[in-house]
Amino acid sequence: MTSRLIVVIIPVFNDWHSLDILLKYLDEALNGTGIQCEILVINDASTIATHDSLILESFQTIKKVNCLELKRNLGHQRAIAIGLAYVEANIYCQAVVVMDGDGEDAPRDVIKLIEKCSEEKYQKIVFAKRTQRSETQIFKLFYLIYRLFYKLLTGQDIRVGNFSIIPHKLLSRIVVVSEIWNHYTAGILKAKIPWTQIPCKRGVRLAGQSKMKFVSLVIHGLSAISVYGDIIGVRLLIGTLLVMLFSLILISIVVLVRVAIPNWAPYVAGLSFIILLQSMSISLSFVFLILNGRNNFGFLPQRDYHHFILELQQLFPKA
């Protein structure tokens with residue numbers, strides 16, 4: 001491989017020990033490849049100071065480790081959005097890798113992402129598709145349920161996560177996608193930015209316990225679904241219109257057979273009329289939801305990212 005600069009973005013909240021181990025493994029994995037690597041750690045307002053747990057030794061391939069301090073805790077997805085906007089505005093490189101700092105995104109797979117991106121002539125984002133997960137069976141069950149709901153509501157299938165590589169030339173397109181503020185992957189897929197995927201096994205956590213609790217997982221799933229708010233609104237609108245049509249048909253049938261079956265007919269007609277009114281109300285709500293979603297861009301990474309940055313610290317080499 002020829003020498004080239006790759007920036008690796010790693011969002012972190014208190015997980016400094018895992019990050020310390022990960023950087024050593026990443027440096028070993030990249031050694032001898034000719035790849036020049038810089039690390040940009042996004043400190044999501046950690047309550048543990050970096051110097052308390054992070055011990056950076058000399059690296060062979062990693063040339064620099066910077067830490068972008070955020071003013072407040074924003075969560076994993078929004079930290080990634082700010083990191084991407086910062087790199088697009090301040091660092092020229094060939095590509096940007098997005099990965100977690102806990103080791104579940106295996107350092108050896110970074111090389112696979114880079115090689116695939118090179119095969120695509122740096123024209124597409126490359127995501128890591130999980131072929132094997134290391135979580136518990138309960139987690140896998142809830143993840144399957146989430147994917148089914150996601151497919152039902154959005155019409156899309158999602159099998160990839162944050163672990164990916166982005167050619168620098170595509171960064172300017174990504175940082176104007178407001179949806180990545182809620183969910184990085186779903187925002188890119190909705191924006192129709194060219195992408196592909198490669199199979200990768202999910203690694204295991206290097207140290208400590210996961211900060212992702214059940215409530216956080218639910219919020220993460222809802223954030224991905226919210227990206228498709230307009231599409232979901234249309235699908236639910238069609239569903240409520242079908243319910244309205246069914247209610248009208250049911251009322252018509254009841255009116256026609258009312259003389260023959262006088263006892264239950266008024267109750268069925270009344271219930272159907274209530275369902276009809278509720279469906280009309282819900283349909284109007286979905287219409288306004290769709291219109292509001294298409295006119296509200298909210299956070300724009302390229303424009304707004306700097307409001308959340310406190311400072312940039314150089315962790316390696318020591319300034």
Side-chain angles (χ1 to χ4, degrees), residues 6-16 18-19 22-23 26 37-46 65-91 93 95-105 107 109-110 113 117 125-128 130 158 160-168 170-191 193 195 197 200 202 210-212 216-217 219-227 298-310 312:
I6 302 295
V7 174
V8 180
I9 291 178
I10 306 176
V12 174
F13 178 72
N14 288 341
D15 221 352
W16 302 113
S18 291
L19 176 65
L22 175 71
L23 293 183
L26 180 60
C37 178
E38 289 187 10
I39 307 296
L40 181 64
V41 178
I42 313 298
N43 182 8
D44 194 16
S46 297
V65 179
N66 286 330
C67 183
L68 195 65
E69 306 276 347
L70 302 187
K71 293 179 179 178
R72 56 155 295 178
N73 181 264
L74 295 171
H76 208 67
Q77 301 301 306
R78 296 178 177 183
I80 291 174
I82 289 175
L84 292 174
Y86 178 86
V87 172
E88 192 271 338
N90 299 280
I91 304 175
C93 56
V96 179
V97 173
V98 177
M99 68 185 303
D100 291 340
D102 56 10
E104 293 186 359
D105 295 337
D109 290 331
V110 172
L113 290 174
C117 195
I125 300 170
V126 182
F127 285 99
R130 298 305 184 191
I158 186 165
V160 296
N162 299 326
F163 193 22
S164 57
I165 183 170
I166 307 165
H168 189 273
L170 294 182
L171 270 182
S172 60
R173 296 179 59 179
I174 293 175
V175 296
V176 295
V177 178
S178 59
E179 289 89 348
I180 68 172
W181 185 243
N182 283 335
H183 199 278
Y184 161 68
T185 306
I188 289 177
L189 299 187
K190 187 184 179 186
I193 298 174
W195 66 279
Q197 61 188 12
C200 294
R202 191 172 186 86
S210 174
K211 307 296 187 299
M212 184 73 78
S216 301
L217 288 171
I219 294 175
H220 180 73
L222 292 176
S223 296
I225 292 174
S226 71
V227 169
F299 179 88
L300 198 63
Q302 187 182 55
R303 179 192 65 198
D304 302 323
Y305 80 94
H306 62 276
H307 295 298
F308 297 93
I309 294 177
L310 179 63
L312 180 71

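Hydrogens, waters and symmetry mates are skipped; everything else that's a heavy atom, side chains included, is used.
No side-chain heavy atom of N43 sits under 4.5 Å from any side-chain heavy atom of V12. Side-chain contact between V110 and I6 is absent, with no heavy-atom pair separated by less than 4.5 Å. For the pair I39/L26, a side-chain contact is recorded, criterion being any heavy-atom separation below 4.5 Å from C-beta on. In this structure the side chain of E104 never reaches within 4.5 angstrom of the side chain of F163, judged on heavy atoms.
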Step by step, work out the side-chain contact (heavy atoms from CB on, under 4.5 Å) result for I80 and I42. CA-CA 8 Å; I80 291 174; I42 313 298; over 6 Å; no

Check step by step if side-chain contact (heavy atoms from CB on, under 4.5 Å) holds for L22 and D100. CA-CA 9 Å; L22 175 71; D100 291 340; over 6 Å; no

Would you sort out whether I82 and W181 count as a side-chain contact (heavy atoms from CB on, under 4.5 Å), showing the intermediate values? CA-CA 8 Å; I82 289 175; W181 185 243; 4.0 Å; yes

Check step by step if side-chain contact (heavy atoms from CB on, under 4.5 Å) holds for Q77 and N162. CA-CA 9 Å; Q77 301 301 306; N162 299 326; 3.2 Å; yes

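N90 contributes atom CG, which lies 10.5 Å from atom CG of N66 (distance to the nearest 0.5 angstrom). Here CD1 of I166 is found 11.0 Å from CG of L113. Values are rounded to the nearest 0.5 Å. Rounding to the nearest 0.5 Å gives a distance of 7.5 Å between CD of E69 and OG of S46. To the nearest 0.5 Å, the span separating CZ on R78 from CD1 on I180 amounts to 11.5 Å. Separating the SG atom in C93 from the CG atom in L171 is a distance of 6.5 Å, to the nearest 0.5 Å. Atom CD1 of I10 and atom OG of S18 lie 11.0 Å apart (nearest 0.5 Å).
When the salt bridge (Lys or Arg N to Asp or Glu O under 4.0 Å) test is applied to D44, no partner is found at least two apart in sequence or on another chain. Applying the side chain to side chain contact (heavy atoms under 4.5 Å, CB included) criterion to I193, with sequence neighbours excluded, gives I125, L170, R173, I174, V177, I188, A191. By the side chain to side chain contact (heavy atoms under 4.5 Å, CB included) test, A85 pairs with V175, P301, Y305, sequence neighbours left out.
In this structure a side-chain-to-backbone donor-acceptor pair under 3.5 Å is missing from H76 to F13. Remark: the backbone N or O of G161 is paired with a side-chain donor or acceptor of T185 at under 3.5 angstrom.
The two residues G187 and E179 make their nearest non-hydrogen contact at CA-CB, 3.8 Å. Across every non-hydrogen atom of M99 and D105, the tightest pair is CE-O, 3.2 Å. Between L40 and G83 the shortest heavy-atom distance is CD2-O, 4.2 Å. When all heavy atoms of C200 and A128 are compared, the pair lying nearest together is SG-CB, 3.8 Å.
Taking the six-membered ring where the residue is Trp, F127 and Y184 present tilted rings, their angle falling between 30° and 60°.
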